[in-house]
Structure formats: C-alpha cells, structure tokens
*Asks:* 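Structure provided below as structure tokens; questions to follow.
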Amino acid sequence: MKYDFNQIEKKWQDHWAKNETFKAENKSDKPKYYVLDMFPYPSGAGLHVGHPLGYIASDIYARYKRHKGFNVLHPQGYDSFGLPAEQYAIQTGQHPAVTTEENIKTYRRQLDQIGFSFDWSREVRTSDPNYYKWTQWIFIQLFESWYNNDSNKAEHIETLVRTFASEGNSNINAICDDNIEIFSAEAWNNYSSEEQQEILLKYRLTYLAETEVNWCPALGTVLANDEIVNGVSERGGHTVVRKKMTQWSMRISAYAERLLQGLDTVDWTDSLKESQRNWIGKSVGASVTFNVIPATTSDEESHKIDVFTTRPDTIFGVSFMTLAPEHELVSKITTSEQKAEVEAYIEKTAKRSERDRMADVKTISGVFTGAYAEHPFSKEPIPIWIGDYVLASYGTGAVMAVPCGDQRDYDFAKHFNIDIPNIFDNVDISEEAYASKDNVKIANSDFLDGMNLKKATKRVIFELEKLGQGLGKTNYRLRDAVFSRQRYWGEPFPVYYVNGMPQMIDAEHLPIHLPEVEKYLPTEEGEPPLGRADVWAWCTETNSVVSNDKINNTTIHPLELNTMPGWAGSSWYFFRYMEEASNRDDFFASEEALNYWENVDLYIGGSEHATGHLLYSRFWVKFLKDRGFVNVEEPFKKLINQGMILGTSAFVYREEGTNTYLSEGLIKDKNVVPIHVKVQYVNASDELDIEGLKNDGEFGEEFKNAEFILEDGVYKVGREVEKMSKSKYNVVNPDSICEDYGADSLRLYEMFLGPLEQYKPWKTSGISGVHGFLKKLWKLYVDDNGLKVDNSEPSKDSLKTLHKTIKKVEEDIESFSFNTSVSTFMIAVNELTSQKCASKEILEPLLILISPYAPHIAEELWSLLGNNESISTATFPVFEEKHLVESSKTYPISFNGKMRFTLELPLDMSKEDIEKTVMAHEKTIAQLEGRTPKKVIIVPGKIVNIVG
RNA sequence: GCUGAAGUGGUGGAAUUGGUAGACACGUUGGACUUAAAAUCCAAUGUCCAUUAGGACGUACGGGUUCAAGUCCCGUCUUCAGUACCA
C-alpha cells in the first residue's frame, strides 16, 4: 500500500466537514479554550505559502488542546469590507459584494485543502448585514455614552443629562472636548434642543468634530499619511492639501490610562507592549500658563499661552517660547513689524505635510512674532517665536523653551542667537544641552536653588497653583481616532441629520443596509460615494430608508454619507464567534456565550497590527465592559506574532547590451543586469530549466531567442531572499505544494522552517525532507501486504523513544516551539525504524502526537489500526518518566574545558570512583603527558573536567 | 536618535537551568540497486594541518567572570522591525 496523500487528504477533509468534527459546544463539562487567528482580508490574489504559517501554528495548538481534553473554539471568518474590493469596483464596475464573494470562495477552498480544524459553522463576515447590524449597534452605544472620570468608566449619556438638568456641568469630571463652558442647571434647561445636542456632542464617546485631514481633490478622498509621498498622492501624483472636514471621531483618549495599565495584565511580547506604550505616549509633567504682555498699554485683549512641559523644574531656564505656526494665537499677537515675515513662514510650512516636517529634523527654522510673554515668577519678558519643530497636534501646540535642558531648544537658540541661561549647578552647556534627568541640581532659579529634579518639580507645581498659572498634568500622545471614511465598501452609519445635528436611528430598525450606487467614486461635488445613492434618506414615520427626493426635513431627513473604517468590524468580531450562528439574531452574542468563552486565550497574527487593530479592539472591549455588555477587560490573553515567510528569488544575468545570459559563476567582472525569473523553473541545485523559461508565455519574447552560457553543462541562477511578491516571481502557491507533496507535508514544512516568530526564507526544495519523513512514517505501519502493526510487546528502546518524544513534543507545543517537534518526530521515526518496531503499544500513541501537525496521515493510520472515532478525540499520551531512567551515562571527559573523549560509566557511581576510573584511563594518561592535574571537577550525570 | 528582536557550517536551523557546539533537514560528494532515469537505501560532509593516529581553530568583533561561556557581565559593530522634532 502506497502513501497516496492526495486521496487520503481529500477523504479526511470531507469526513471532518460531513461529521462537523470540530464544531465547538457552548455547553460543556470540559474547560474552554479559545484559539483565534487574526481576521483575514480575502484578497483577490489568494493565498501564498506565507499566509497559512500562523494558521498552521494555531491549528496545531487547537488540535493539541482538544487532545488535552479542552472544549476548543477555533473559528474563522472574513474581514470582508475594505479598499481593494472597492478599488477593483471603481476600475471594473463590478459590485464589491460580488468580487468579495468570489475571493472568499477561493480563500475557503485554499484553507480547506490545508486541513484546518476550523468550526466553520460560526463563520462571520463583516460585510454581512446581519453582522454589521451589530457594528452599527455598538456605534450607537458609543454615541449614547460619556466617560466619567469619577467612576473611571463609560456611562450612559442619560446620567450626564440628568446631572446637567439638576446641577449644571461644573461638578462633572468627564473626558470631553477642551472648549467647554461652564453652565448652570437653569441655563441647561433653557437651552434649545440643538444647543443641548451640541454640548452633548462634546462629551459623547463618538462625536462629530472638525478634523484636519489630507484631502486629495483629484481623487476626491482623504489620504492616510503613508499614502502621500513628497507632498503628492502616492497613486497618481495629485496634489494634496490640508483641509478641515467634519468627521466622526472615537474618544479613545478617554481610555489612554486603562489601555496602558491593561498591558501589564496580558501575555504579549515585550516588543508589542512597548510599541503600544509608545503609541499611548504617557508623559507626566505640568501645564503652565504664560500671560502675553500686551503690545501697547491700550491693548484691551489679554492673551494666555498654555504649554505642557515634562520638566517644570527648569522653568527658570526659559529664554523664549515657541508656538506651532498653526497656533490660533499667532495671528493675534504678531506685531505689525513682524507680520509679513510671520505670514510668509506660515505659508511656507503649510505646504509641508506633517510627515515631511517630522522627517526633516536637521533644518532649523522659525520666526520671531514680536510679542513677549511674562515669566510667571521672574516677570521677565520672554520673546515668543513660531517654529515648525513644534507640532500643533501634540500637547497645546506651544512649548516653553529651555535651551540649557532640551537639545531642540538649544539648537534653535544657537541658530537664532537667543540667550541660553544655565540653571544647572556644575554642568557645562557650552557644547550641548543637559537633557539628562539624572544628577540634576538646580541653580539660578530663585526658590528652586539647590533642589533635585523631584523636589523642584513638586515645589514649582505648588507655586504655580498658588499663582493660578499651572498645575500638575499628565499628557498622552494617543489621539482620538477618526472614524469616518469617504468610501463605499464599508459599514453605513445608522445616522441621519436634522438641522445639521446627527440623530441615531433606533436600534430596533437596524441594520441600515448599504445602498446601491451606480458608480463607486465620489460625487462631482466631492461628496463620498454614498452621495450617489438615490434611496438614502430616513423617514421617521415609517422608520425606513426612502428615496432622497422625499426629503422634507420634517419627517424625512438625509442620511450620513460616510462609511465606517476597516477597524470597526474587526474590533469586536471575536465576540461574535462565541455565539452559535443559529442564535445570533437578538444580540451580538448571548450572555451565556460571552460568560462561557470570556476572551481569546491564544491569538496569533502579524505584528503589523500592533498599534491599529490591537489598540482599537482593546478600546472597544473596555467600553463594552463599562456598559455591561461583556465582562472582560481585555480581549486577547496571550498573543503571538508569527514571522513572515520570505521568498527566495531567482536571477539570471544578462550581459549588458546583449541578449546573452551568463550562469551565476561566470559573471565575475562582467557588466550584467540581474533579472528575476520564476522560481518554478529552478531546481533544488539552483539549476535553471531553460526550455521552460523560454516557452513561458508570460515573459513573451524576452527569453525566446536568448543565448544561455552554461557552466559545467548547466545554467546556475543567483538567489536572494526577498519578500514574496508577484513582481519578483518568487511567489509559491500552496495549491501546487498540496498537489505535489500534500497538505501534511506543507504543514510540517512550514513549521520545520524555523521558530514561529522569526522571518525565514521559503525554499521548496527543502520540503522533500519532511515529505520523506511522512513516507517513512507510513512505512512504519504499512507495507506491500497492508498493515504490519502487531500486538507484540514493545522493546525497552522503543518505549524510551516514545516517551522521550511525548515529553519533548508536549514541552515544544506548550512553548510554541513547533519547529523542534518536527525534528523530534523525525528522530523518533528514524529510531523506531531501525528498532524494527511494529508494536501497537508504541505506534498508536505516536499517531496522536503527530496528529496536530499532520492530521490527515494520522487519521488514516489511526483508522487502519481499527479505530472508528476521529483521532482528534483521542487523549494525549501520558509521559512516564520510568522509561527514560538510565543506568549509565556517556560522560564527556574534558581537559581544561575541552572535550577529548567520552567514557560510559554507571550513573550510581560515586564521585570518588568516577575520578579513580577516569584518572586510571589510558587516554587520560596520554592527555596529561605526565602532568599532575590541579583539580578534577566531577558533576555526576553531566561532565568530568580535568584541570591542569 | 529611541525601543524591541537578532547575528551559530554552503543553506534553514538545534543546543530549555552555564556542562560533549552544529541535533534534524536541505544541498554537495561518493557508493548500492537499475539498461537508464525516478524512487529507495548506505557512507562522508564546520574550517585548517596531517597518509593515518591525531592536532589547531571555531557560535559577529574586543575584553571579562568561571574548572567550564553560543549561553552570564562590559564595550563595539552589523542586520531586521517599530517609532520619531512628543515639549
């Protein structure tokens, strides 16, 4: 019987699907375990061998946990809203829903053929109205909530409204917009409904606000920072301008501290936690208010500049202030003499994108405004400058410049010849600023003289508070997240507008379906694509979406034209899987389901989601918990970032100006151009299939008439490791691997390549190793006459092989070291083969060990052994130490730490006897050449080291 | 710059608390089987010296601790990833 992997794999994949082998139960006596892969976007290109890496790892773990007696939830689905489908729709006119459906089909077929143990009955798709109904619902809850700093959680907006009505807002401690005026209960009750709504928007966790965006008029859309290159759009090279737009924002900043603290409670890698910490960017310091000195005595208006500083202790070192060019005070305080210069500077900086400004750290630029502020303590005038090293979007957009203590301020001061007072005792600042926080001793600072950083900081804040010109403050870099997209293929907002004020549609009328449009582009007026929908108005009488021409602004109102961003649907999907598909109509997941599964125990995915998806999900989960909809604070307990599988590109070398290609060994001093060729035409020895290449239609005539100069009768290609991509012709498709070697080989090989987290190159030639292993495994059970396993008593050696394998594999899986288990299997099979082991007592448990990695062959052999139940239900073999107990040990005998020979000695031999035996050995005598050793180190069971 | 990860044969990588460096594979070379090829099997394979026996050197580099260092400590270099005028 041959190992016919194609037939075996198909057979078991069908069997698992038909019997719903991997369906998870929401009621079980077993402990639960939830294994999840990061949500895939079903791209049109399908999978390459790099994609399944994480899925294979999580699948091994899920299968292992089942063997270990857990009720495992291992679902899969699609983040099916998104840009590529929309882009494709714009180009071809095809509805994104249609192409998305096709892509999902391809994706599913490819996933199925790898043999994953997904519970497909729980599949979700973000673009499914039954799913986005609940995304819309969550949005409404966010709108209906505010963040109460006193209770330190989100509360229903009603609690806020009640307080407003009874006592005004002066006692409210909320996370809200900055520009909030104090009002009394009486005032509140007298406000018009619109005025009240406007105020409430400043408190809601999702709110409409003017946001500065990168607007590209030619594309009619907003661009992300990384879509802009050198000030023009990456696609098409169109001009991009900074523009204010009214957009939905999410008040994630309310959760900054909890998002930071929560990191200590989850089992993620340090690097991932670190990038989230950086992103949140907490800095502790003080806010200080500087009064602007009026230019003339008749000047009535008085201005104040608020700054944030992490070093309030250096306040006496301030010698100037710098405002961001966009700062609203700039136009108000600039003197007439400086006006022209300041305006020219502002115009110049407005043209540079924020990213450009940040990237260019070296050029120092700025302009004096002519105005002065008053130092809060010394009352000395301080010149006010503007400079683009100060960012409008961070802090208050203004800094108090302390050149002796901050390198950027120092450079700025040097450049413009501004005074650099030294307020540090015994520190030389003639070359650079003293930015260190260690060994600070303040001098020339009035009441702070002689104090260290900690003391001075405390004292300054105390004094500032006394003056009413400052207070201790913590600042976060984390900014509220823009939630509107000017796109078609996303979740529509459940929002309509009455007199310009946003109104939520009642949850009972959800979902609001994405309307049909005839084109997926923005309108001529620059409105988002939904502006093209004819049926896109809300009737408050029938509670339905009706034709736009019925809009009367009394009962029928326009609907929101933006859609939600990609992260909306992916911020809560892990809860949706918890509920069985048949029970999803009335809630996003039932309380029982949420209580049973709690959160994701193991989450595997790419590190590119470090600050996007992983931060937004945590934010939504904390919010949902505050409002009592879920009961966990963090969504993902343990998280592993899988590395990337890189391609090994192949190159041929064309001699410059000719149609001649030189083999890799011949290019030495020649002037050659390396050209990518398809890796399919290269064998394991880097030799090129020239005929194949010549006849490949995709390359056209390029190689048809080319001459190939061989070395030793073959053409050798050059190789280089690069990211897998179509344009580099190094993409390897899992379909062909499954066809040629089988899914089990693919699974094993992906794991065998190296540690999960690491980046490593793919080389198809290497797969023959694991494929050979599977054949050897097969032969251990089956020969030409069929099954050869018997009920013979296993040998001691075979028992030892089995049990050391159990031990190692179990340790490996628990520590996610899947690559080493594959080696362990190889060693086990090599050993059992040479032991001629045929004992069922050994070979049956061995299959369970291997089955998470190579489930198809394991199932097949398992059933050949006479089992009727799927191997996935079998209990993991139990390791027994007694089989590994040895009576002797092969000791390495070292001289001065270098191993010279080995000696087998009984393990129960005493130190003294070991020393005697070793010293008497002829090789020892030869090594010592008559010397007497100074010392003999004996570590029983480990090593003997002779010194001297 | 900062933060994080990493640097081991021709290649991917192993060495879990300091204790035989290079497991397991790929590739290469030689051999068996075959008319031949494929498949399979056997052997060798870190580098250098030596006919052998054996020896020297070897985990990015330079130091150190230790009987013993890929592993611990100090310094340097390189690569990758994230992030960045963050006040």
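Every chain is numbered from 1, with letters handed out A, B, ... down the list of sequences.
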*Asks:* Heavy atoms under 4.0 Å, any strand shown: does Lys807(A) hit a base, just sugar-phosphate, or nothing?
*Replies:*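 Nothing: the residue Lys807(A), judged by heavy atoms under 4.0 Å, touches no strand.
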*Asks:* Would you mind classifying the nucleic acid contact of Asn278(A) as base, sugar-phosphate or nothing, using non-hydrogen atoms under 4.0 angstrom?
*Replies:*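 No contact at all - Asn278(A) keeps every heavy atom at 4.0 Å or more from the nucleic acid.
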*Asks:* To the nearest Å, how far apart are Tyr389(A) OH and G1(B) C1'?
*Replies:*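 After rounding, the reported distance stands at 18 Å.
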*Asks:* Can you check the distance between G62(B) and A69(B), where both ends of the measurement are the P atom (answer in whole Å)?
*Replies:*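 After rounding to an integer number of Å, I get 16 Å for this pair.
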*Asks:* Could you give the distance separating A44(B) and G63(B) at their P atoms, to the nearest angstrom?
*Replies:*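 Here G63(B) and A44(B) have their P atoms 37 Å from each other.
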*Asks:* When we call it a touch if two heavy atoms are under 4.0 Å apart, what does Asp409(A) touch: a base, just sugar-phosphate, or nothing?
*Replies:*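 No contact.
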*Asks:* Using the C1' atom in both, what is the distance from U79(B) to C74(B), to the nearest Å?
*Replies:*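 22 Å, rounded to whole Å.
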*Asks:* Do the ring planes of Phe752(A) and Tyr749(A) sit parallel (below 30°), tilted (30 to 60°) or perpendicular (above 60°)?
*Replies:*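 Tilted.
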*Asks:* Report which part of the nucleic acid Lys775(A) touches: base, sugar-phosphate, or nothing (heavy-atom distance under 4.0 Å, all strands).
*Replies:*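 If one applies the 4.0 Å heavy-atom cut-off, Lys775(A) turns out to touch the sugar-phosphate alone, with no base involved.
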*Asks:* Considering every strand and a 4.0 Å limit on heavy-atom distances, what is the contact class for Ser768(A): base, sugar-phosphate, or nothing?
*Replies:*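 Contact class for Ser768(A): sugar-phosphate only.
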*Asks:* Could you pick out which residue, Val399(A) or Ser894(A), lies toward the 5' side of RNA chain B when each is mapped onto its nearest nucleotide?
*Replies:*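 Mapping each residue to its closest nucleotide by heavy atoms, the 5'-most match is Ser894(A).
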*Asks:* Touch check for Val947(A), heavy atoms < 4.0 angstrom, all strands: base, sugar-phosphate only, or nothing?
*Replies:*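 Sugar-phosphate contact only - Val947(A) comes under 4.0 Å of backbone atoms but never of a base.
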*Asks:* How close or far is atom C1' of A69(B) from atom CD1 of Ile943(A), stated in whole angstroms?
*Replies:*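 It is 12 Å, rounded to the nearest whole Å.
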*Asks:* What contact category does Phe752(A) fall into here, base, sugar-phosphate, or nothing, at under 4.0 angstrom with non-hydrogen atoms?
*Replies:*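 Since a base atom lies under 4.0 Å of Phe752(A), the category is base.
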*Asks:* Should the pair Phe416(A) and Phe412(A) be assigned to parallel (<30°), tilted (30 to 60°) or perpendicular (>60°) ring geometry?
*Replies:*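 Tilted.
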*Asks:* Which nucleotide wins on minimum distance to the side chain of Trp279(A), given the candidates A14(B), A25(B), A84(B)?
*Replies:*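 The listed nucleotide nearest to Trp279(A)'s side chain is A84(B).
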*Asks:* What integer number of Å spans the P atoms of A21(B) and G58(B)?
*Replies:*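 The answer is 13 Å between these two P atoms.
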*Asks:* Using a 4.0 Å heavy-atom cut-off, does Asn819(A) contact any base of the nucleic acid, only the sugar-phosphate backbone, or nothing at all?
*Replies:*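 If one applies the 4.0 Å heavy-atom cut-off, Asn819(A) turns out to touch the sugar-phosphate alone, with no base involved.
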*Asks:* What does Ser823(A) touch in the nucleic acid at a heavy-atom separation under 4.0 angstrom: a base, only the sugar-phosphate, or nothing?
*Replies:*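 Since a base atom lies under 4.0 Å of Ser823(A), the category is base.
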*Asks:* Identify whether any heavy atom of Gln758(A) sits under 4.0 Å from a base atom; if not, whether one sits that close to sugar-phosphate; answer base, sugar-phosphate or nothing.
*Replies:*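 Sugar-phosphate only.
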*Asks:* With a non-hydrogen cut-off below 4.0 angstrom, is Thr309(A) in contact with a base, only sugar-phosphate, or nothing?
*Replies:*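 Contact class for Thr309(A): sugar-phosphate only.
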*Asks:* Rounded to whole angstroms, how far apart are OH on Tyr759(A) and C1' on A81(B)?
*Replies:*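 Value for this atom pair: 6 Å.
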*Asks:* Taking U71(B) as the reference, what is the distance to G64(B) when you measure between their P atoms (whole Å, please)?
*Replies:*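 The same atom, P, in both gives a distance of 14 Å.
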*Asks:* Using whole Å, report how far CD1 of Ile813(A) lies from P of U16(B).
*Replies:*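 Value for this atom pair: 19 Å.
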*Asks:* Kindly say whether, by distance alone, the side chain of Lys760(A) makes a donor-acceptor pair under 3.5 Å with the base of U11(B)?
*Replies:*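 Answer no: no donor N or O sits under 3.5 Å from an acceptor.
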*Asks:* If you measure from OG on Ser821(A) to CE on Met751(A), what distance do you get to the nearest 0.5 Å?
*Replies:*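 Here the rounded value is 10.0 Å.
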*Asks:* Which heavy atom of Phe825(A) sits nearest to which heavy atom of Tyr853(A), and what is that distance?
*Replies:*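 Nearest pair, atom of Phe825(A) first, then Tyr853(A): CE1-CD1, 3.5 Å.
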*Asks:* Check the chi torsion on G10(B) and let me know: syn if it falls within 90° of 0, anti if not.
*Replies:*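 For G10(B), whose glycosidic angle is more than 90° from 0, the conformation is anti.
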*Asks:* Could you check how far CD of Glu915(A) sits from C1' of C67(B), rounded to whole Å?
*Replies:*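 So the CD-C1' distance, Glu915(A) to C67(B), works out to 13 Å.
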*Asks:* Quickly work out the Ile937(A) CD1 to G18(B) C1' distance and round it to whole Å.
*Replies:*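 Going from CD1 in Ile937(A) over to C1' in G18(B) covers 13 Å.
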*Asks:* Taking atom P of G82(B) as reference, at what distance in whole Å does atom CZ of Arg477(A) sit?
*Replies:*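 Going from Arg477(A) (CZ) to G82(B) (P), I get 15 Å.
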*Asks:* What integer number of Å spans the P atoms of G7(B) and A68(B)?
*Replies:*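 Nearest-Å result for G7(B) against A68(B) at atom P: 25 Å.
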